[in-house]
Amino acid sequence: MPPHTSHREANTMENTQAPVSQIAPRIALVTGGSRGIGRNTVLCLAKRGVRSIFTYRANRAAADNTAALAAQAGAPAIALPLDTGDASTFDRFADSVRAVLAQTGADRFDYLVNNAGIASTATLENGTAAELDRQFAVHFKGVFLLTQTLLPLINDGGRIVNVSSGLARVAMNGRAIYGPMKAAVEALTRYMALELGARRIAVNVVAPGAIATDFSGGVVRDNPEVNKLVASHTALGRAGLPEDVGPVIAGLLSDEFGWVNAQRIEVAGGMQI
Ligand code: NDP
């Protein structure tokens with residue numbers, strides 16, 4: 001392969017002669033893949049034959065479950081621990097990613113999904129400096145520095161999807177830190193797209209509406225009143241599910257969506273429109 005030629009280019013060049021079975025499978029790295037939206041993304045990618053390296057913070061059992069489900073769905077997935085709020089660990093994490101890639105005979109991966117996130121119910125009145133730092137560390141600093149650290153490991157022509165929230169667009173009581181942090185990652189998405197265009201890496205941001213996961217204590221899934229309220233504010237008449245979001249992220253990473261770049265796609269069934 002000539003220098004600076006990605007696997008994607010090599011695949012394209014070889015496509016005219018090589019049978020499909022010889023095309024190297026694509027590889028994704030998904031943060032927060034042990035549960036919720038991240039897990040569904042790993043499974044949707046596996047159905048498309050995309051292998052994943054995915055991260056979890058503490059829940060090893062859930063991560064093992066995701067890995068088993070991905071294998072059943074059609075492609076292996078390997079779990080690595082990572083706290084995306086602790087940038088001091090990112091170089092070591094990149095070494096672990098290199099080691100996992102080496103096991104599969106690859107030296108780079110194709111798709112990065114910055115999905116890991118944590119809830120916050122802080123208001124303008126009660127939000128503390130510590131909560132601001134915690135949210136900033138995970139939702140902006142972590143996304144920025146993890147992407148920066150992993151960039152040398154992403155194939156030219158690869159793809160990045162960041163995960164925001166409908167709450168970056170609409171204001172809701174108790175989300176005065178969380179919503180603006182997600183708005184920041186939406187702006188960052190455009191800057192990433194601008195800089196990474198030279199490497200033909202498209203970067204988009206998916207903004208889910210309220211999704212029934214463990215997020216925020218599972219409130220959308222487990223509190224019938226909240227679930228009903230969300231449904232009443234949603235044109236399609238129900239709260240979202242992880243299965244509503246994972247296919248969109250996987251789709252954005254597909255070749256068909258290769259010309260979509262620097263876009264925010266809200267996946268919310270028409271929430272508060
Ligand atoms: P879940 O709480 O269901 O899952 C969170 C995932 O992120 C888990 O895999 C968890 O790992 C991981 N994680 C949490 N904190 C960290 C951290 N500091 N470092 C690394 N990994 C971490 O959340 P969702 O799937 O619902 O949310 C996924 C993304 O979607 C988040 O960015 C969230 O802000 C966003 N979102 C969610 C909405 C919702 O209503 N659910 C709405 C809009 C956006 P572990 O299992 O080990 O704890």
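Just follow the structure's listing: the first ligand is 1, and inside any ligand the first atom is 1. The chain is numbered in sequence order, starting from 1.
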N/O to N/O under 3.5 Å, ligand 1 against protein:
unit_1, atom_1, unit_2, atom_2, d
ligand 1, 9 (O), Gly32, O, 3.2
ligand 1, 9 (O), Ser34, N, 3.4
ligand 1, 9 (O), Ser34, OG, 2.6
ligand 1, 9 (O), Arg35, N, 3.4
ligand 1, 11 (O), Ser34, OG, 3.3
ligand 1, 11 (O), Arg57, N, 3.4
ligand 1, 18 (N), Asp83, OD1, 2.9
ligand 1, 19 (N), Leu82, O, 3.4
ligand 1, 19 (N), Thr84, N, 2.8
ligand 1, 19 (N), Thr84, OG1, 3.2
ligand 1, 25 (O), Ile37, N, 2.8
ligand 1, 26 (O), Thr213, OG1, 2.6
ligand 1, 32 (O), Asn115, O, 2.6
ligand 1, 32 (O), Lys182, NZ, 2.9
ligand 1, 34 (O), Tyr178, OH, 2.6
ligand 1, 34 (O), Lys182, NZ, 3.2
ligand 1, 40 (O), Ile211, N, 2.8
ligand 1, 40 (O), Ile211, O, 3.4
ligand 1, 41 (N), Ile211, O, 3.2
ligand 1, 41 (N), Thr213, OG1, 3.2
ligand 1, 46 (O), Ser34, OG, 2.6
ligand 1, 46 (O), Arg35, NE, 2.7
ligand 1, 46 (O), Arg35, NH2, 3.3
ligand 1, 47 (O), Arg57, N, 2.8
ligand 1, 47 (O), Ala58, N, 2.8
ligand 1, 47 (O), Asn59, N, 2.8
ligand 1, 48 (O), Arg35, NH2, 2.7

Distance-only polar pair, side chains of Asn115 and Thr31, donor-acceptor under 3.5 Å: no

Donor-acceptor side-chain pairing of Asn126 and Thr123 below 3.5 angstrom: yes

Leu241-Ile265 co-clustered via ILVMFWY side chain contacts under 4.5 Å: no

Heavy-atom pair of closest approach, residues Asp107 and Leu153: O-CD2, 3.8 Å

Any donor-acceptor pair under 3.5 Å from Gln135 side chain to Ala119 backbone: yes

Thr66 side chain to Ser34 backbone, donor-acceptor under 3.5 Å: yes

